[in-house]
Each structure stands twice: as structure tokens, then as C-alpha cells.
2 protein chains.
Amino acid sequence: MSIQAVAAKAGVSVATVSRAFNFPDKVTRSTRELVERVARELDYVPNASARTLRTQRSRALGVVLPTLLNPTFAECLQGIARAAIAGGYAIIPVTTGYQLDEEERAVHLLLAGNVDGLILVVSNPATSAALARLRSTGTPYVLAYNRHPDHPCVTVDGEAAVADAVARLVLHGHRRIAMVSGTLAASDRAQQRYRGYRKGMADAGLKAPPLIEVPFVESAVDALAGVLQASSRPTALICSNDLLAIRSIRAAHLGGLRVPDDLSVIGFDGIALGEDLTPALTTIAQPNNDIGRHSVELLIQAMAGGTTLQADASLLLPYFFRDGESCAAARNTATD
Amino acid sequence: MSIQAVAAKAGVSVATVSRAFNFPDKVTRSTRELVERVARELDYVPNASARTLRTQRSRALGVVLPTLLNPTFAECLQGIARAAIAGGYAIIPVTTGYQLDEEERAVHLLLAGNVDGLILVVSNPATSAALARLRSTGTPYVLAYNRHPDHPCVTVDGEAAVADAVARLVLHGHRRIAMVSGTLAASDRAQQRYRGYRKGMADAGLKAPPLIEVPFVESAVDALAGVLQASSRPTALICSNDLLAIRSIRAAHLGGLRVPDDLSVIGFDGIALGEDLTPALTTIAQPNNDIGRHSVELLIQAMAGGTTLQADASLLLPYFFRDGESCAAARNTATD
DNA sequence: CTGTTAGCGCCTTCAC
DNA sequence: GTGAAGGCGCTAACAG
């Protein structure tokens, strides 16, 4: 079903049909209605690839993310999806599994797929080869969750957020506060959050114990077992993401510690599920949906202007401390 | 950067360049290497829309799902994404928020986007207008999670699964077993699972109390409060999905009941997160990733044969009873 | 084995 | 306000 068929049946030229669809005012009302009617009768749907080929715009956005198994990114993608549809764009998501070579492959794939722009969550903007190559192509893009002065980014101030959280814990009487993180090298977010932790501890005049680095989330429970049994075990844990926090709570439980009575746990991300857990997860909530939405909006805006997005378009969205039940005041301990 | 440029620089015709890429054996080794080198130098990437226009195949699959906020579907989409990439396809996901009109809009959008095939999770295959229209277009499609004799489906036997679960509970001494579900009308899955529940109860010679129907997951806690306070409250809950199970556990907790000591809770879906909760969620686990993967594989296979997928290609994958900590034997109660 | 050429369906000047 | 025609980049006959 092509524009030709519609033109023929309506007794007008293809140009008129095209205009009736794309510039309704450039055509007489009567012809427009005629064309619309015929198109409907014929179930005509404009051919996207032909249009793309002709206009050099696909109205498709590529999305590169680590995984959908972390609800954080699923929530963000949902935000992206809604905003994209609202803006008349389709999205093509690709997951990388936190692997650098997959990042490159994804960007390559998407570029070959003629996307008009890209939203990506990379491991580390400063060192990402994929990002460097992407940049050189002149395709508009925006980073989500990442933060770097040379790139347009939409995220929250993870450093300040964690420093805040530490301050809150201190206010509640905690002194032995440890941080649990995934592999630091694997993401700039983890690094920022850890910086915030150290800053928070320093500000409170506390000595920061070594970072509890968990290579695979699955091994979190094991990694924590030892730490939580020590005589000078922490009374509070700040986790670099909610999934780690959930596993930390489990580790505490397995170790015979009650949360929050014996151990306070704070997460980071604000996944929706956290509110329904028992105990409800105390966490630093990011507006995951909005991060996605704003990324799309920035991108669409830039593309409309025919430009690429600059670093100074970056958005730092507010985070929220979501009070839950996994965090409480420290009990008085003589060992302090 | 077009094929023309490559041809010119390499001193061959565009046809040769095209062949060098698509049928490497149909050109001399030397020409192929020449073309490849020049293409690399020029950073040439074949234009997807031109190819699609010419071949009438987009190598893109549309995916219609209710939401990404339920990890079940996020896990499935992850499976779809991986399998699609492996098969050389891009995916374009659209969420419907469980709304029928959004289902139609999504199908329309995707069809207009020139997808070669569709994977969808609809509310109810028997009544879906979107599905009827899709079918009439002759575009290959497959349903995931849905089950219907007239459509190709990839899912598990939800009815048998729940009946099994009831039998297990009975074996553990439970007699007052209630089911918690979302709106029955909103999904055929919920209906199947409920049928399984009634069958299981009937088989055990037990009277099934009224279904606890929760219109919005957010209201689950309220909806359950009353039921759990009653003197003849259930000793076990079978929930139609894991998110409901998690909220049911919370409701129990808020009502002063311990899980599993005072109340056993079984979920359905097998979201990964369930294993990390405390108590670890006992659930009927579906192979979410595989459901996605198989859907893609069936579709690609059918498309390769140039055919549409028939109902008899449907796949019923195995489910697993995942033992957790939210379910235990019933305590002896004189009131039984 | 390689080159020439005709469209795929659409948009967009340029005439009228 | 409408029509005619070129060409976006590519593949697939068809020739050579």
C-alpha cells in the first residue's frame, strides 16, 4: 500500500497526498478530506524507511544501558519510552551487561541502524572508547546517570547525596559506618558515591573503614558475612545501590543481626520495589523516570535545532532521601 | 558516506561493493579485501533504511508489553533483546500500561514503523482488538505469557502451576488457603492462575474462599488488612504475581503476623529479586528470560521461511517451584 | 567475476 | 493549490 495507490484512487498526484499528510494547510480542505478518506479505506500507512531515506531522519533514538535486570534502569527506560513516544520517536534499546566491548558494539549497531540520537549509560565517560567514537560522528547524544564536564549528562549529584546520607547517620548516633559498593572501576557512579562517603566521613571527623567492594552482586552476602561478624562491626551500611542494600539486609539476617535494630542499611537508587519490602528500604532516591524523560527531551530539543547537545546542557536533578524502616538510630554502645 | 563513494574510491561498481558485503564469496578475494579496506578507511556503514526500502525487510522486531516496572517483563525483554541481537534484529519496545487502547496504538505504531514481526503480551488474546487487526495484516507475531488455542504463544501452564502449589500447601497441612490477584478481567494469566487455584482446592476437597482481588498493587496492603485480621484468616496466601506476594508479606507484617510462622505466602513469576529478600520469596518461577528468547527464535524462524507463525507452534515451557522462606508448614490449630 | 540499471516509497523543489 | 520529476542509498536482475 503506497502513496501511489492512494493518489491513483483519489485522482490526485502523489505530491498532493504527501502534502495532505505532512502539511495539511498547504492543501484545500476538500482535497485533504478526500485524501484522508481514501487513505483510510486503503489502510494506507506511510512507509517509514522510504521517508527516512528521503528525509535522512529516522525518528528513532538508540538507548544503551547496562542491564534491565536492575529496576533502576528499567524504570529509566520506561521514562524514556514514554517521552519518546510523546515526541514521536521510537526507541531501540541495547544492553551491554556492563561490558566495555559491548558498549562499543552497541553504539556501532545503533549508528548503523540510522538512529537520530543516542541516550547512553556508560561505564565511565572519561575513558569510554564508544563515547569517543560516537562523538566523532557528530550524532547527538546524552548520557544518563553518568557525570562528566565534557559531556551532556542527566543525573543527580551522587557525591553530595551520599555525603548527606552519612551526615544523617552521624546525626542518629552512628559512628561505625561502612560503605558497600560494586566494583569501583566498573562505573563512575560508584566512584562518585564513594567520594561522597569519604567526604561525609571526613566532615564528621570519622575514620572511614575500607570500602566493602563486591565484584558480583551475587557474592554480596558472602562478602559481608565476615565484616558483620567482627567485634567492631559497622552499625550502619551505605550501599551504592538498592540491589546491594537488599542483599546486605539478607546478609545481616543470615548473620543473626536485625535490621534496623542491630544494623542500619541505606540504599541508593530509589527503586519502586524498595517501598514494599519489609523492612521498607531507606534509600537515596533518584528520579529514574525523570532522568529518562529529561534525556529524551533534551535530545529531541537539540535535534530539532539541528545541533548536537553540548556539555553545558547537562541537568542535575534533585535526589530525595526516602525514609524507610531499614535505618534507625544507633543504640548506645559502650565500645564507641 | 554511501556505497557510491566506496565504489568510486575503490574503482569498482556499486554492485561489487554491495556484493562484497552481502555475498563475500561472489567476489574475488582481492576485490573483497580492497573494498573492505576502502570501506574501513571511509568509515562506511550501510544505510539501513535504504536497504530496508529495497529489500522490504527491516530486521526489526516490535515488542508490546504492559510495563517495565514489573521485573517479570523486564527480565523477559532482556531475553528478547539478547536473542534479537544474536539473530541480527533490532527491537522496538512499547509499553501499554495494561490499557487496551494503548495496545492498539502500539500495534499501529509498530506496523507503521515497518517491523518485520511482533512479540506481544496482551491483556486477553480472546478479546484483543489489537490482535485481531494485527492478524489481518499478515505480519508474523507471537504472544508471550498469553495462552490461547488460536494464537502462537510462548508461556507456561499457569493453571497447572497454581494447582500444584495448592497441593503442596495442603501437603504441608494448610487448609485455609486464599488467593490474591490483580483485576481478573485485566489479564488472561490472572484468570488461568485463578482457575488453577480453584482446581487445586477442589482436588483437595477444600472450599475456596472468595478471591482477594486487588485493583491496584498499591492498594494490596489495605485490601489484605481485613482478611488477615479475621478470626478464620487464611494460613496461606497464593499470589498471582511476585509483586503482590511482596506486598502481601508487608501487609502481614503490618498486621502483626509473621511470615512464614503465622502466614505462608507463595508468589508467581520468579523475579530474580525474590531470592534476595528476607524472607526469600517462595514462588512459582517462570523462565522469563527463556520466554523472551524462544519468542524471538520462533519468530525469526518463521520469518526466514517467509511464513506467519501458526498456533500449533506454541511453546509451553516448564515452570519451577522455587523454594524460599516465605512458606512453611501450617501450625496445628484446633480451629481447623 | 563484474558492471549497468531499474526501482523500493517518499519528499521536495520547480513549474504551472 | 496542484502536478511532474529527481533522487535519497541500496539490492537484484540482467548483461557482458
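Note on naming: letters A, B, ... go to the chains in the order of the sequence lines (proteins, then strands), and numbering restarts at 1 for each one.
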A.B. asks: Looking at Ser13(A), does any N or O in its side chain come under 4.0 Å of the phosphate oxygens OP1/OP2 on dG3(D)?
C.D. replies: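 For dG3(D), OP1/OP2 do have a side-chain N/O of Ser13(A) under 4.0 Å.
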A.B. asks: Mind checking the CZ-CZ spacing from Arg147(B) to Arg189(B)? Nearest 0.5 Å is all I need.
C.D. replies: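 If I round to the nearest 0.5 Å, the distance is 13.5 Å.
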A.B. asks: Name the nucleic acid region contacted by Ser18(A), choosing base, sugar-phosphate or nothing; use a 4.0 angstrom heavy-atom cut-off, strictly under.
C.D. replies: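 Touches a base.
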A.B. asks: Nearest-Å distance, CD1 (Ile3(A)) to P (dG7(C))?
C.D. replies: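 Answer to the nearest Å: 19 Å.
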A.B. asks: dT4(C), dC10(C), dC10(D): which one has an atom nearest the side-chain heavy atoms of Arg51(A)?
C.D. replies: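 Nearest listed nucleotide: dC10(C).
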A.B. asks: Look at the side-chain N and O atoms of Thr16(B) and state whether any lies under 4.0 Å from the OP1 or OP2 oxygen of dT2(C).
C.D. replies: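 Answer is no, no contact under 4.0 Å.
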A.B. asks: Just to be sure I understand the rule, does Phe21(A) reach a base, reach only the sugar-phosphate, or reach nothing, if contact means heavy atoms closer than 4.0 Å?
C.D. replies: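 No contact.
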A.B. asks: Starting at atom CG of Asp25(A), determine the distance to atom P of dG1(D), rounded to an integer number of angstrom.
C.D. replies: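 To the nearest whole Å, that distance equals 9 Å.
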A.B. asks: Side chain of Asn47(B): nearest nucleotide among dA12(D), dC8(D), dC10(D)?
C.D. replies: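 So the nucleotide nearest the side chain must be dC10(D).
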A.B. asks: Of the options Asn146(A), Leu134(A), Leu65(A), Val142(A), which is the one that meets Leu120(A) in a side chain to side chain contact (heavy atoms under 4.5 Å, CB included)?
C.D. replies: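 Answer to the side chain to side chain contact (heavy atoms under 4.5 Å, CB included) test with Leu120(A) among Asn146(A), Leu134(A), Leu65(A), Val142(A): Leu134(A).
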A.B. asks: If you measure only the distance, is there a donor-acceptor pair under 3.5 Å linking the side chains of Asn114(A) and Ser58(A)?
C.D. replies: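 Result is no, nothing qualifies.
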A.B. asks: From the options dC10(D), dT4(C), dG3(D), select the nucleotide whose nearest atom is closest to the side chain of Ala15(B).
C.D. replies: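 Of dC10(D), dT4(C), dG3(D), dT4(C) is nearest to the side chain of Ala15(B).
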A.B. asks: Which whole-number value in Å describes the distance from Asn22(A) CG to dT13(C) C1'?
C.D. replies: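 Computing the Asn22(A):CG to dT13(C):C1' distance gives 15 Å.
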A.B. asks: Is any side-chain N or O of Thr28(A) closer than 4.0 Å to OP1 or OP2 of dT2(D)?
C.D. replies: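 Yes, within the criterion.
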A.B. asks: Using a heavy-atom cut-off of 4.0 Å across all strands, would you classify Thr31(B) as base, sugar-phosphate, or nothing?
C.D. replies: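 Since only primed, P, OP1 and OP2 atoms lie under 4.0 Å of Thr31(B), the category is sugar-phosphate.
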A.B. asks: Starting at atom CZ of Arg54(B), determine the distance to atom C1' of dC8(C), rounded to an integer number of angstrom.
C.D. replies: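 Taking atom C1' of dC8(C) as the reference, CZ of Arg54(B) is at 6 Å.
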A.B. asks: Pick the nucleotide of DNA chain C nearest each of Thr55(B) and Gly11(B); which residue has the one closer to the 5' end?
C.D. replies: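 Comparing both residues, the 5'-ward one is Gly11(B).
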A.B. asks: Measure CZ/Arg59(B) against P/dC10(D) and give the value in whole Å, please.
C.D. replies: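 Value for this atom pair: 16 Å.
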A.B. asks: Give a yes or no answer on whether the side chain of Thr16(B) reaches the backbone of Val12(B) with a donor-acceptor pair at less than 3.5 Å.
C.D. replies: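 No.
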A.B. asks: Which listed nucleotide (dA6(C), dG9(C), dC10(C)) is nearest to the side chain of Gln56(B)?
C.D. replies: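 Nearest nucleotide to the side chain: dG9(C).
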A.B. asks: Which of the following nucleotides, dT12(C), dT2(D), dG9(C), is nearest to the side chain of Leu53(A)?
C.D. replies: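 Looking only at heavy atoms from C-beta outward on Leu53(A), the closest nucleotide is dG9(C).
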A.B. asks: Roughly, in whole Å, what's the span from CZ in Arg57(B) to C1' in dC10(D)?
C.D. replies: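 Rounded to whole Å, this separation is 14 Å.
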A.B. asks: Under a 3.5 Å threshold, yes or no: a donor from one side chain and an acceptor from the other, between Asp269(B) and Gln286(B)?
C.D. replies: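 Looking only at side-chain atoms, Gln286(B) and Asp269(B) do form a donor-acceptor pair, the distance falling under 3.5 Å.
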A.B. asks: At less than 3.5 Å, do the side-chain atoms of Arg19(A) and the base atoms of dG3(D) form a donor-acceptor pair?
C.D. replies: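 Yes, a donor-acceptor pair under 3.5 Å.
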A.B. asks: Rounded to the Å, how far apart are Met1(A) CE and dG9(C) C1'?
C.D. replies: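 My rounded result for the distance is 12 Å.
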A.B. asks: Quickly work out the Lys26(B) NZ to dA12(D) P distance and round it to whole Å.
C.D. replies: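 Rounding to the nearest Å, NZ of Lys26(B) and P of dA12(D) are 10 Å apart.
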A.B. asks: So, Ser187(B) side chain and Ser123(B) main chain: donor-acceptor pair closer than 3.5 Å or not?
C.D. replies: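 Not at all, since once roles are kept as given, no pair shorter than 3.5 Å links the two residues.
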